[in-house]
Structures are given as structure tokens and as C-alpha cells.
Amino acid sequence: MINASNNTFIFHSRPDLVGTECTDADILRIINNYKYEVTPEGKFTYSNNDIVASCKYIQKRNWFFIISDLKADVFKMILVVRIQSFAVCFIIAALTVFLGVFCVERMMKPLSAINNTIIAFKKNDFSGAGDIIRYLSRKDEFGTIARAVNELKDILQNKDKLFKEMFQVQTVGTVVTAAANGEIMLINKKALELYGFDPNEERKLTVQDVRNQFTKEELDAMDGQLKSAVNAKEGEEVIFESSIHYGDGRVGYILTHAKRVTLSNDDRVVVYSLVDITAQKKLEINLQILSETDFLTSICNRRSGELGVSNILKEGQVGMFCLFDVNKFKLINDNFGHAVGDKVLVEIAKAMKKSFRNSDILIRLGGDEFAVFALGVQEDKSASIVIDRFMSNIDKIELSEMGGHKVSVSMGCVYVSGDEPFAALYEKADSVMYECKKKGGNAHAFYG
């Protein structure tokens with residue numbers, strides 16, 4: 001504060017200047033410029049490159065009250081104020097956004113819970129339905145939606161329970177797998193039983209678990225059919241049979257109907273219906289065996305024997321064909337009766353089974369006429385071993401009804417090294433066998 005009459009300091013921020021004459025050029029310039037800048041209220045401002053000042057003239061005392069500061073300090077303060085203002089604005093904005101998000105999330109939480117529950121329903125998962133119970137009592141739209149979804153849960157849960165009960169009580173085995181990776185999605189108790197598992201055991205069954213129930217040969221036969229089912233046209237049915245060897249030694253047979261289905265969500269599945277045909281298959285096998293087996297001797301009959309030899313020769317196999325009959329068989333029937341004659345034929349078949357291998361084909365052509373195809377026999381040495389063993393077993397046949405009379409056979413043999421008709425083999429062996437008849441006893445000879 002300065003006394004304008006003598007330019008002395010009345011007050012100063014520096015106490016040592018009070019009472020001294022002002023020599024500050026800027027302050028003197030302010031006082032000098034007063035008559036040009038002063039406002040009606042007696043105020044005016046002043047600034048130059050270094051300072052900024054505000055002046056108030058007190059007319060009654062002829063004093064000047066001046067406040068001045070360096071521009072750098074003034075603008076530094078303004079910058080601080082701006083930064084502080086920006087920080088406050090940022091904090092306010094962040095709080096506003098946070099509160100907004102919090103409010104929106106709080107408002108959308110019921111809808112999110114409802115949406116998650118519906119998604120779970122699509123997967124037959126009703127465990128998360130409790131998440132919407134808290135919203136059932138609300139009076140707004142969310143409450144209405146929550147109540148509707150809860151009712152839907154009850155309907156779907158009842159239908160799902162009913163479906164599972166019906167699915168399990170079926171007498172037909174049913175399996176549903178994902179077409180993409182073969183993962184088992186559903187399997188009922190009958191299917192578990194047919195695959196050799198305990199139907200009452202709680203377990204998560206995998207495709208590999210089922211595959212382990214089959215032998216490699218069975219899997220090789222099935223894999224092509226399973227692939228056909230996955231790649232079949234929509235609704236096209238693939239039908240195939242498979243056999244399964246159970247752990248207790250039983251052999252079962254399963255008839256499978258497979259059909260690919262596309263679900264409403266575009267997922268592709270394959271539905272398998274399994275029927276136990278073990279009884280029918282065993283009957284079929286037994287009937288086939290009966291149709292191919294001689295009733296009296298239990299070896300191949302003429303039709304199946306001829307077919308077996310023909311098939312082996314077509315495959316390029318080689319061996320020895322032997323044709324023989326019982327010497328003086330008519331006299332055996334006439335002297336001892338047909339029942340004894342039948343016993344002789346049965347004993348000859350037993351001797352054949354003892355003398356030849358399981359891979360050889362043993363045939364009763366009819367009456368007392370028999371044939372053998374010894375697979376792979378092509379040399380005199382191995383042929384002699386087999387034939388001598390057979391003749392020895394024939395010589396051991398003893399029937400009390402025949403009173404010590406011996407049974408003997410005459411045999412004609414042919415080496416076979418090419419695909420030759422059965423009739424031609426029979427004719428060659430028969431011609432040699434006829435010559436052996438003249439020798440008597442157990443006799444054999446080779447064609448050529």
C-alpha cells in the first residue's frame with residue numbers, strides 16, 4: 001500500500017520497506033497510469049512481460065492498494081488448478097460410469113440368470129434352476145419371465161424323467177452316439193446287458209469300453225458298417241449282425257439297426273437299436289450244421305463235402321483226395337443186420353477223425369462210401385504216414401456183434417494240384433479203388 005502524495009510504502013509484504021520511498025518502476029508506472037486505466041469503481045489492472053497487478057485507489061486517503069505477482073507463478077497456479085479440476089472431473093466421470101455399469105449389471109442380473117438357466121435346459125441340465133427362484137416374487141417383467149421359465153422347467157423335467165424311464169424299460173437295446181466323434185450320449189440297460197456290462201452299475205461308459213468287449217476280428221467286421229451308418233443319408237437305415245464273446249465263455253449275436261439323425265440344433269447323432277438274436281442264430285447255425293452233416297456219422301454229407309473240396313481247390317490249395325468203401329459191406333448187413341452195419345459206418349467215421357486233421361475234409365458220400373481231402377499232402381512219405389495211421393485205426397475196429405470178423409476198406413488216392421472238378425477226382429480215385437478190391441484186406445493205391 002503506497003501513499004500517493006510522497007510515494008512511500010504504508011504496507012509491504014516485506015516489513016523492511018515500510019516507510020521507505022518506492023523505487024519500483026512497475027509500481028510507479030501503475031500509479032502514473034492510474035488516470036488512464038482507472039474504472040469508475042476505482043479499480044484497474046496492469047501487466048507487462050514479467051508481472052500482473054491489480055490496483056485499487058482509495059480516494060479519501062490518496063492511497064493505492066496494489067497486489068502484484070510474477071506471471072510465471074500466476075500461470076503455474078492456474079495450471080495446477082486446471083490439473084486438479086481435470087482430476088476431479090475424471091474421478092466424477094469414472095464414478096458415474098462405474099455406478100452406471102453397476103446399475104445396468106444389477107438390472108441385467110435376473111435376465112442373465114434366466115438366460116443361463118434356459119441354456120442349461122437345452123442340455124437337459126436342471127440343476128441351475130434354483131438361480132431364478134429369488135426372482136419369482138418380483139412384480140416386474142423379470143419376475144414374469146422367471147415364473148414362466150420355472151414352469152417350463154417343471155414341464156421339461158417331467159418329460160425328461162418320463163423319457164428316461166421309457167428309454168430304460170425298452171426290451172430293445174438303444175444307443176445314441178455323436179456322429180462327429182462317436183461319443184456315447186445315451187445308452188439303456190438292455191444295451192449294457194447285450195454288450196456284457198452290468199446294467200445296474202452306475203458308470204460313464206466310453207466308446208473304447210464297448211470296443212474292448214469285441215475281438216479284433218469282430219471289430220474289423222463291424223467298423224465298415226459303423227462308418228456306413230455315420231456317412232449314410234438322413235434317415236437311411238444300415239443293418240448288420242455282430243457276434244460278441246462274453247467273459248463267461250458265452251457267444252452272443254446282436255442284430256443292429258443304425259440310423260443317422262440331425263437334431264434341431266444341427267447336431268448329428270447316430271441311433272442304434274440292438275436286438276439279441278443269439279437263440280435264432282444258434283438255431284440257424286444248428287440247422288446249417290444239420291444240413292451239411294451226415295446224420296449217422298456226424299461228418300460232412302456229400303453236398304457239403306463236394307462244396308468244401310471245390311472251394312478249397314478254387315482258392316489254389318493242393319492236397320490228396322482219397323476215396324474208399326467197406327469191403328463186403330453187403331455181407332455184414334445180411335449176416336449181422338443193418339444195425340450192426342450202421343455201427344461199422346460210425347466206427348469208420350471215428351477212425352477217420354482219429355487219423356486226419358481238423359483242417360481236412362471228411363465226407364460220407366452215401367452207403368458205405370467215404371472220401372477224404374487231406375489238405376497240403378503232396379508227397380508219398382507224408383501220404384503213407386497218414387494212410388498207414390488210418391488203416392491201423394480201421395484194423396482196430398472190433399464189434400462184439402460180428403464175432404471176431406474184421407472190417408477192412410479199399411482206398412484209391414489222387415494227388416490234386418489244380419482246380420479240378422470233384423467228379424473228375426472221384427472218377428480217378430474210383431478206378432484205383434476198384435483195382436484194390438481184388439487184393440482184399442486193407443489196401444490202397446495211387447492214381448497214375
Side-chain angles (χ1 to χ4, degrees), residues 214-225 227-228 240-243 245 251 253 281 284-294 297-325 348-366 369-391 393-394 409-436 443-448:
F214 294 88
T215 64
K216 183 180 183 302
E217 292 74 17
E218 290 164 345
L219 286 174
D220 291 341
M222 288 171 54
D223 281 344
Q225 302 288 356
K227 187 175 181 180
S228 298
F240 57 93
E241 293 181 8
S242 56
S243 60
H245 293 261
V251 178
Y253 296 89
K281 196 67 179 178
E284 179 184 324
I285 292 172
N286 289 336
L287 290 174
Q288 183 177 354
I289 291 173
L290 287 174
S291 69
E292 296 176 351
T293 304
D294 177 65
T297 61
S298 298
I299 61 176
C300 293
N301 59 26
R302 185 179 192 115
R303 183 185 66 83
S304 65
E306 285 190 19
L307 182 61
V309 173
S310 298
N311 288 337
I312 284 177
L313 295 179
K314 286 178 181 176
E315 292 173 0
Q317 303 274 15
V318 297
M320 175 179 67
F321 179 79
C322 302
L323 175 70
F324 65 91
D325 65 9
I348 289 174
K350 289 180 180 179
M352 294 172 71
K353 293 175 182 178
K354 291 179 183 178
S355 307
F356 296 94
R357 301 162 298 181
N358 291 334
S359 58
D360 299 331
I361 300 176
L362 313 181
I363 313 167
R364 183 189 176 196
L365 295 172
E369 195 172 48
F370 295 84
V372 176
F373 186 86
L375 193 65
V377 177
Q378 285 278 281
E379 302 175 343
D380 291 343
K381 183 178 180 181
S382 55
S384 296
I385 293 173
V386 174
I387 294 171
D388 290 346
R389 182 168 59 235
F390 172 65
M391 292 301 183
N393 286 324
I394 291 294
V409 299
S410 298
M411 176 183 285
C413 304
V414 181
Y415 288 126
V416 187
S417 58
D419 185 4
E420 194 168 351
F422 186 89
L425 298 177
Y426 180 92
E427 186 177 346
K428 291 177 181 179
D430 185 59
S431 65
V432 181
M433 183 183 71
Y434 182 76
E435 295 299 323
C436 290
H444 73 278
F446 278 84
Y447 178 81

Step by step, work out the side chain to side chain contact (heavy atoms under 4.5 Å, CB included) result for Q225 and S242.
-> CA-CA 10 Å; Q225 302 288 356; S242 56; over 6 Å; no
Specify the closest pair of heavy atoms between A443 and M391, including all atoms of both residues, with the distance to one decimal.
-> O-CE, 3.7 Å
Hey, what's the ring geometry for F321 with F422, parallel, tilted or perpendicular (30° and 60° as the breaks)?
-> perpendicular
Nearest heavy-atom neighbours spanning Y426 and R302 = CE1-NH2, 4.3 Å
Chi angles and distances behind the side chain to side chain contact (heavy atoms under 4.5 Å, CB included) call for F446, V432 = CA-CA 7 Å; F446 278 84; V432 181; 5.9 Å; no
If you look at every heavy atom in V414 and A429, which pair is closest and at what distance?
-> CG2-N, 3.7 Å
Is it true that a side-chain atom of Y415 and a backbone atom of E379 form a donor plus acceptor pair closer than 3.5 Å?
-> yes
Take atom CZ in F240; do more than 12 heavy atoms of anything else shown fall under 6.0 Å from it?
-> yes
Test: D223 and K227 ion pair at under 4.0 Å = no
Here the pair of heavy atoms bringing I363 nearest to N301 is CG2-O, 3.6 Å
Applying the side chain to side chain contact (heavy atoms under 4.5 Å, CB included) test to D220, which of K216, E218, E217 qualifies?
-> K216
Taking every heavy atom of Q378 against every heavy atom of V416, the minimum-distance pair comes out as NE2-O, 3.1 Å
Taken to the nearest 0.5 Å, the spacing of D430 CG from L425 CG works out to 12.0 Å
Check whether any side-chain N or O of S304 sits under 3.5 Å from a backbone N or O of C300 as a donor-acceptor pair, and report yes or no.
-> no
Would you check, one step at a time, whether the test side chain to side chain contact (heavy atoms under 4.5 Å, CB included) holds for L375 with F356?
-> CA-CA 10 Å; L375 193 65; F356 296 94; over 6 Å; no
Min side-chain heavy-atom separation D360-V386 under 4.5 Å | no
Is a side-chain donor-acceptor pair under 3.5 Å present for Y253 with E284?
-> no
So, for F390 and S355, which heavy atoms are closest and what is the spacing to 0.1 Å?
-> CA-OG, 3.1 Å
So which pairs with a foot in residues 307-318 pass salt bridge (charged side-chain N to carboxylate O under 4.0 Å, His left out), sequence neighbours left out?
-> none
List the steps and the verdict of side chain to side chain contact (heavy atoms under 4.5 Å, CB included) for L323 and L365.
-> CA-CA 9 Å; L323 175 70; L365 295 172; 3.4 Å; yes
So, do M320 and S382 sit near enough that their side-chain heavy atoms are less than 4.5 Å apart?
-> no
Check: R364 side chain, A349 main-chain N or O, donor-acceptor pair, under 3.5 Å = no
CG-CG distance between N311 and D419, expressed to the nearest 0.5 angstrom = 10.0 Å
Just grab all the salt bridge (charged side-chain N to carboxylate O under 4.0 Å, His left out) pairs involving residues 420-429, residues at least two apart or on different chains.
-> E420-K428
State, yes or no, whether a side-chain contact exists between H444 and C322 at a heavy-atom distance under 4.5 Å.
-> no
